[in-house]
Visitor: 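The structure follows.
We count ligands from 1, going down the list as the structure has it; atoms in each ligand are counted the same way. We use all heavy atoms of the structure for the numbers below, so side chains are in, but hydrogens, waters and symmetry mates are not.
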Amino acid sequence: MLAELACFEQQCRERFPIDEAIYNCPACGGLLEVVFTEDRMAAEEWKRTWRERRTSNRMLDQSGVWRYRELLPFDGHHHQAVSLREGNTPLLDAPRAARYAGLDHLTFKHQGFNPTGSFKDNGMTCGVTQAIRLDRQRVACVSTGNTSASMAAYASAAGLDSIVFIPHGNISYGKLAQALEYGARTFQVEANFDQILALVRVLADRLGIYLLNSINPFRIEGQKSIIFEMLDQRDWNPPDWIVLPGGNLGNTSAFGKALRELCQFGLIHKLPRLAVIQAEGAAPFYHFMQKRDEFRSVPEPRTLATAIRIGDPVSWPKALHEVTVTNGVVEQVSEQEIADAKAIVGQCGIGCEPASAATLAGIQKLTSTGVIRADDDVVAVLTGNVLKDPDYIYRYHTGQLKDPDGNAIEARFGNSPVVVPNDAEAIAKMLEA
Ligand code: F0G
């Protein structure tokens, strides 16, 4: 469909061409979003087409993002799409996790099954495709690790140069390793995510580098497909709740927009409620939603879930809108709660990285206060793969994990490896005990 960029601020709503390389409204500084300028109601036809594409061998059809291209702003540019066959992530039933969280039933949508192991690939395929459309050779981002891994991979696949900025010492080695392996020029900056974002915006403007943080509206467009695919996999039956972790709040913005568009175009008739979960030491959105007065950033965010170690989330005005429209909630969880929930996701045979486990910890809290009911239909989105942060896992299971204040995190579901002699007799005795 034909599309434009629009300022997200309701008092402004200024429109701009879809191929203008801007990240904020030049008129008022507000966030930008893509708006469709056609109003085509083709719900049943789209549902049929999208289902048929699952059996096709065309790259565009095989991608779990580009399969839904009718609701993406790339008409006339599909031949430029850069895809690593992202999306196509499973819905997994998790009875053990459901019991832990006080639910009758719980489903995970596991975005860690993506090519670079996180939900960022859903957005990055569109972000890098927009860079190609705009004829940019260099792309950059600041990242807590997953965005940079994803951008590095997609940029290299497209033959672009990628420049990655990460907070020195505060991302997992798995993610840093990916940026290096995929060939990004990687700068480790002695500052936190929020400070580096300000720096990168200056550099991008000065050097004409295309910025691929989630402030980029085309990343948000791609991430909508997580919801499109989830609903498609559920035969278009919306759940009661969709639960996700909140960091920079790009994903919350994307999920809300996707749900609104599905309603607008007649593909679903009920909005699920969004539940956004933050880590206690990096929870500015949670605190804001308690009173809804002034948005106050957290100057020094702290959490072992480094993916969501963000104190000044750029997309909070969008997230506020989406949580409000869906009658959603925002919750915060402790380091111990995240660590235990993560071990439970592992015990389901599923596994995820720390930030993703905030979802299960959050659900447990929300069922205990009666916000989510035991018989509610809940889908939790696991944002990253279990192998993203093995160091955290080893420390938890061996009782060595410490929170950012240095307090020990209890290995309540610990599973420590045992060192044994090379002696069948001795090992047999231990196994029989
Ligand atoms: N989960 C994971 C695994 C993440 O990597 C992130 C964000 C989030 C949740 C939060 O999503 O920012 O849209 O609210 N990671 C970014 C990065 C910031 O740089 O990789 P959000």
Side-chain angles (χ1 to χ4, degrees), residues 31 89 108-114 116-124 127 140-153 164-167 170-172 174-176 178-179 184 189 192-194 196-197 200 211-216 219-220 222-224 226 243-258 274-279 282-286 301 303-316 318-320 322-323 330 333 338 342 345 351-362 380-389 392:
L31 295 168
T89 63
F108 288 121
K109 170 99 176 127
H110 204 328
Q111 293 305 113
F113 281 59
N114 261 300
T116 76
S118 86
F119 75 96
K120 304 291 181 181
D121 295 342
N122 286 69
M124 202 53 77
C141 70
V142 53
S143 177
T144 55
N146 280 324
T147 296
S148 43
S150 183
M151 188 188 79
V164 154
F165 296 84
I166 48 178
N170 270 306
I171 79 166
S172 73
K175 298 173 189 177
L176 172 58
Q178 284 182 292
V189 188
N192 69 30
F193 177 93
D194 309 297
I196 306 172
L197 181 56
V200 174
L211 192 61
L212 279 175
N213 276 99
S214 60
I215 193 164
N216 184 312
R219 288 238 350 249
I220 301 297
Q223 284 170 216
K224 292 187 314 190
I226 300 168
V243 187
L244 74 162
N248 218 12
L249 301 173
N251 222 17
T252 306
S253 314
F255 283 17
K257 186 170 193 278
L274 290 178
V276 181
I277 317 297
Q278 298 208 289
F285 190 48
Y286 166 79
T303 170
L304 298 180
T306 49
I308 50 174
R309 192 172 184 266
I310 293 175
D312 194 8
V314 285
S315 292
W316 75 262
K318 287 186 176 179
L320 167 63
E322 307 308 350
V323 170
V330 184
V333 289
I338 293 174
K342 183 172 139 52
V345 179
C352 66
E353 69 161 282
S356 313
T359 53
L360 183 61
V381 177
L382 298 179
T383 45
N385 192 283
V386 66
L387 286 175
K388 287 281 189 176
D389 198 347
Y392 180 108

Visitor: Using side chain to side chain contact (heavy atoms under 4.5 Å, CB included), reason through Leu249 and Val276 one step at a time and then give a plain yes or no.
Guide: CA-CA 9 Å; Leu249 301 173; Val276 181; 4.1 Å; yes

Visitor: For atom 11 (O) of ligand 1, what's the nearest protein heavy atom and its distance?
Guide: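 Sorting protein heavy atoms by distance from atom 11 (O) of ligand 1 puts Phe119 CZ, 3.5 Å first.
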
Visitor: Can you tell me if Ser214 contacts ligand 1 (heavy atom of the residue under 4.0 Å from the ligand)?
Guide: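 Judged by the 4.0 Å heavy-atom criterion, Ser214 does not count as contacting ligand 1.
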
Visitor: Applying ring pair (Phe, Tyr, Trp, His ring centres under 6.0 Å), can you list everything that pairs with Phe165, at least two apart in sequence or on another chain?
Guide: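 In terms of ring pair (Phe, Tyr, Trp, His ring centres under 6.0 Å), with neighbours along the sequence ignored, Phe165 is linked to Phe187.
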
Visitor: Please determine whether any non-hydrogen atom of Gly246 lies less than 4.0 Å from an atom of ligand 1.
Guide: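 True for this residue.
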
Visitor: Does the residue Thr252 have a heavy-atom contact with ligand 1, meaning some pair of atoms that are separated by less than 4.0 Å?
Guide: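 Per 4.0 Å heavy-atom rule, Thr252 does not contact ligand 1.
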
Visitor: Indicate, as side chain, backbone, both or neither, the part of Ile310 found under 4.0 angstrom from ligand 1 when only non-hydrogen atoms are considered.
Guide: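 Side chain only.
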
Visitor: Below 4.0 angstrom from a heavy atom of Gly250, which ligand 1 atoms are there? Numbered from 1 as shown, please.
Guide: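 The atoms of ligand 1 under 4.0 Å from a heavy atom of Gly250 are 13 (O), 14 (O), 21 (P).
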
Visitor: For atom 4 (C) of ligand 1, what is the nearest protein heavy atom, given as residue, atom name and distance?
Guide: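 Among all protein heavy atoms, the one nearest atom 4 (C) of ligand 1 is Ala307 CB, 3.5 Å.
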
Visitor: Got the closest protein heavy atom to atom 5 (O) of ligand 1, with its distance?
Guide: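 For this ligand atom, the closest protein heavy atom is Asn146 ND2, 2.8 Å.
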
Visitor: Checking side-chain polar atoms at under 3.5 Å, does Lys109 have a donor or acceptor matched by the opposite partner on Thr89?
Guide: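 Present: a donor and an acceptor within the cut-off.
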
Visitor: Which residue and atom name correspond to the protein heavy atom nearest atom 12 (O) of ligand 1, and how close is it?
Guide: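 Closest protein heavy atom to atom 12 (O) of ligand 1: Asn248 N, 2.7 Å.
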
Visitor: Which residue and atom name correspond to the protein heavy atom nearest atom 8 (C) of ligand 1, and how close is it?
Guide: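 Answer for atom 8 (C) of ligand 1: Ile308 CG2, 3.6 Å.
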
Visitor: Could you tell me whether the side chains of Lys257 and Gln223 share a donor-acceptor contact shorter than 3.5 Å?
Guide: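 The criterion, which ignores hydrogens and geometry beyond distance, is not satisfied for Gln223 and Lys257.
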
Visitor: Could you check atom 7 (C) of ligand 1 against the protein and tell me its nearest heavy-atom contact, residue, atom and distance included?
Guide: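 Residue, atom and distance for the closest contact: Lys120 NZ, 3.0 Å.
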
Visitor: Quick check: Thr383 and ligand 1, any N/O pair under 3.5 Å apart?
Guide: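 In this structure, Thr383 places an N or O atom under 3.5 Å from an N or O of ligand 1.
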
Visitor: Consider every N or O of Glu353 and every N or O of ligand 1, then say whether any pair is closer than 3.5 Å.
Guide: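 Between Glu353 and ligand 1 (N or O atoms, distance only) the closest approach is not under 3.5 Å.
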
Visitor: Do we see a donor-acceptor contact under 3.5 Å between the side chains of Thr306 and Asn170?
Guide: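 The answer is no; no qualifying pair exists.
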
Visitor: For ligand 1, indicate whether the residue Ala355 contacts it via side chain, backbone, both or neither (heavy-atom separation under 4.0 Å).
Guide: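 It is the side chain that touches ligand 1; the backbone stays farther off.
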
Visitor: List the residues meeting side chain to side chain donor-acceptor pair (under 3.5 Å) with Asn213, not counting sequence neighbours, and say none if there are none.
Guide: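 If we apply the side chain to side chain donor-acceptor pair (under 3.5 Å) test to Asn213, skipping adjacent residues, there are no hits.
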
Visitor: Mind checking whether Asn251 has an N or O less than 3.5 Å away from an N or O of ligand 1?
Guide: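 Asn251 vs ligand 1: N/O contact under 3.5 Å present.
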
Visitor: What residue and heavy atom of the protein are closest to atom 20 (O) of ligand 1, and at what distance?
Guide: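 The closest one turns out to be Thr147 N, 2.8 Å.
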
Visitor: With a 3.5 Å cut-off and no angle check, do the side chains of Thr383 and Ser356 form a donor-acceptor pair?
Guide: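 Indeed, the side chains of Thr383 and Ser356 share at least one donor-acceptor pair under 3.5 Å.
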
Visitor: With no hydrogens and no angle check, just 3.5 Å: does a side-chain donor-acceptor pair link Ser253 and Glu322?
Guide: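 Side chains of Ser253 and Glu322: no pair found under 3.5 Å.
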
